[in-house]
Amino acid sequence: MSKETLKILVAGSVQGNFKQLCTRVNNVNSKSGPFHLLLIPGQVIGDDVETWLGLRDGSFKLDVPTYILGATKQVHSPYFSHIVDGEVTENVTYLGRRGVYTTTNGLSIAYISGVYGDGMSNEPHCYTETDLNILQAQSSVLNGIDILITSQWPSDVLRYVKKPEFPVPDGIPQLSHLANTIKPRYHFVSGPYYERLPYRNHKILHEKATYCTRFISLGCAGNKAKSKWLYAFNYVPMKHVTDEELRKQPLETTENPYIEVEKEKNKEEDKKQQHFYSVGDKRKMTTAPGGTDGREKKKESCWFCLKSPNVEKHLVISVGGSMYLALAKGALRNDHVMIVPTNHIKCQQFLESSQQDDVEKFKRALRTLNRTSKKSTTVFFERSLSTSHMQIQAVPVPRYSVNDIKDVFYTFADKYNLEVQEIPADEDWKEMVPPGCDYFIAEFENQDKLVFLCSQKVRFPLQFGREVLASEELLNMPRRVSWKECKISKEQEEHDVKQFRKSFIEFDPFKVDDSDSDSD
């Protein structure tokens with residue numbers, strides 16, 4: 001067995017049966033170990049909470065480092081709310097609400113605790129669409145997920161295989177989408193014991209061949225039916241496996257079972273993407289700025305979609321909700337960053353309210369960082385013209401007041417004969433942009449905005465935002481107007497990202513105290 005090979009145990013729900021769990025796990029570890037870790041995707045606390053308290057007090061001990069999910073019932077939530085740094089007791093760690101845990105061996109474990117809420121649920125034992133979106137975005141930054149653990153089954157997982165003779169859970173469509181998006185090599189859940197045939201994560205002859213996924217459900221510890229509830233296997237993390245080895249498909253591999261679920265989800269998204277603009281009290285469907293229809297199109301070649309193979313993931317600073325923060329390519333300064341949608345959205349005009357909320361969270365954090373740490377005012381700007389994926393640039397500008405910066409924008413607007421509208425902070429700038437019209441928007445520290453409408457009569461300069469900020473009146477770096485002239489090495493980019501992340505972490509609105517990405 002190679003040094004990269006890990007010995008892993010996975011157990012189903014415990015439901016308070018810690019005596020059976022500890023006895024069995026410790027015996028297996030003694031005879032066949034040592035095992036590197038034990039994962040428990042199911043319900044841990046039972047009806048008798050005294051056994052949980054006994055685990056915390058040391059009455060039950062596990063010899064294998066163990067990682068558990070949170071409550072699946074509201075009544076059990078308080079027992080997880082006061083856990084500090086995930087430590088339940090010796091050798092037992094609570095992973096948290098959701099995230100990606102990476103061990104020192106390079107094993108990546110994506111997890112989400114609890115049961116699916118209605119999307120608006122604030123119950124601590126429920127996860128929502130926002131949690132799922134954040135987990136998908138966090139996973140997309142990595143080069144693959146080794147293991148996904150969820151308490152619930154995904155829906156449609158039994159498609160293309162013979163149905164078992166015992167009843168199985170209906171499953172959650174949102175988990176099907178999660179599994180299909182992050183593509184773990186193993187997906188473990190709790191429930192009746194069931195091992196599905198592996199399924200492939202690519203379309204034959206249409207997509208590049210990649211690894212398959214194995215779905216395994218494990219029973220409850222000490223169950224009366226004596227169905228399998230403890231699973232042991234040897235595993236080499238993806239980072240240590242060659243692409244050729246990963247692409248090998250077992251003979252019994254099936255098609256992806258989630259294709260139909262994805263089709264339904266795409267239909268729903270298409271309906272949502274029929275964007276409407278306010279005209280009095282009515283809404284009129286229009287084409288998107290730039291002449292394309294309002295449907296969000298998946299662009300595998302896009303440089304900014306987090307799922308795209310072309311995205312430069314080393315530039316990513318933080319991921320939260322539907323947005324991520326990244327170092328700007330060819331930045332004006334080494335703290336020039338961008339707010340970018342994780343999925344393919346052309347511009348702010350097409351953001352849903354929850355997506356706009358995520359944008360505003362990043363904006364507030366950047367304003368606070370630059371104001372307190374760098375004594376600078378923050379200028380945000382976005383151009384919808386000649387771009388297919390939204391990018392909101394954020395650049396700190398030292399010493400100058402908002403009015404000073406506005407004056408420079410007006411000066412350059414006169415230079416190019418551009419139309420400009422000033423929008424106070426308390427007004428919705430989107431109402432000022434006619435349907436189908438491209439725009440440039442600059443936003444300042446006090447949230448006032450200048451909106452430039454792109455007219456066919458006047459050619460709008462594509463580097464307008466950079467030209468204004470790089471001018472002698474502001475940053476005084478006129479040679480840095482073109483981003484192509486500001487390229488630096490990948491090593492320097494990685495260094496700048498690391499330094500920015502250090503300064504930003506205390507302001508990061510999407511920082512998760514539960515440690516979404518950690519090491520053993």
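If you read the sequence from its start, that first residue is 1, and numbering goes on from there. Since the model is a prediction, treat every value here as computed from it, not as a measurement.
Listed by first and then second residue, the side chain to side chain donor-acceptor pair (under 3.5 Å) pairs that reach into residues 53-64 come to none, sequence neighbours excluded.
Put simply, the residue from N29, N234, L37 that forms a side chain to side chain contact (heavy atoms under 4.5 Å, CB included) with K7 is N234.
A side-chain N or O of S318 and one of D508 form a donor-acceptor pair less than 3.5 Å apart. Side-chain contact annotation: K430 with Q356, donor-acceptor N/O pair under 3.5 Å present. In this model, no donor atom of one side chain and acceptor atom of the other lie less than 3.5 Å apart for Y324 and Q138.
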Under 3.5 Å, sequence neighbours excluded: what are the donor-acceptor pairs made by side chains of residues 235-250?
from: Y235; atom 1: OH; to: D146; atom 2: OD1; distance (Å): 2.5
from: Y235; atom 1: OH; to: R185; atom 2: NH1; distance (Å): 3.2
from: H240; atom 1: NE2; to: N105; atom 2: O; distance (Å): 3.2
from: T242; atom 1: OG1; to: E245; atom 2: N; distance (Å): 3.2
from: E245; atom 1: OE2; to: K248; atom 2: NZ; distance (Å): 2.9
from: Q249; atom 1: NE2; to: T210; atom 2: O; distance (Å): 2.7
from: Q249; atom 1: NE2; to: R247; atom 2: O; distance (Å): 3.1

Distance-only donor-acceptor pairs under 3.5 Å for side chains of residues 39-49, two or more places apart:
from: Q43; atom 1: OE1; to: T72; atom 2: OG1; distance (Å): 3.3
from: Q43; atom 1: NE2; to: I45; atom 2: O; distance (Å): 2.9
from: D48; atom 1: OD1; to: E50; atom 2: N; distance (Å): 3.1

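When all heavy atoms of C302 and S308 are compared, the pair lying nearest together is O-OG, 2.6 Å.
Taking a cutoff of 4.0 Å between a charged side-chain nitrogen and a carboxylate oxygen, E255 and R159 do not qualify as a salt bridge. In this structure, K363 pairs ionically with E360, as a charged nitrogen and a carboxylate oxygen lie closer than 4.0 Å.
By the 4.5 Å heavy-atom criterion applied to side chains, Y127 and T150 are not counted as neighbours.
Rounded to the nearest 0.5 Å, atoms CD (Q152) and CG (L175) are 6.0 Å apart.
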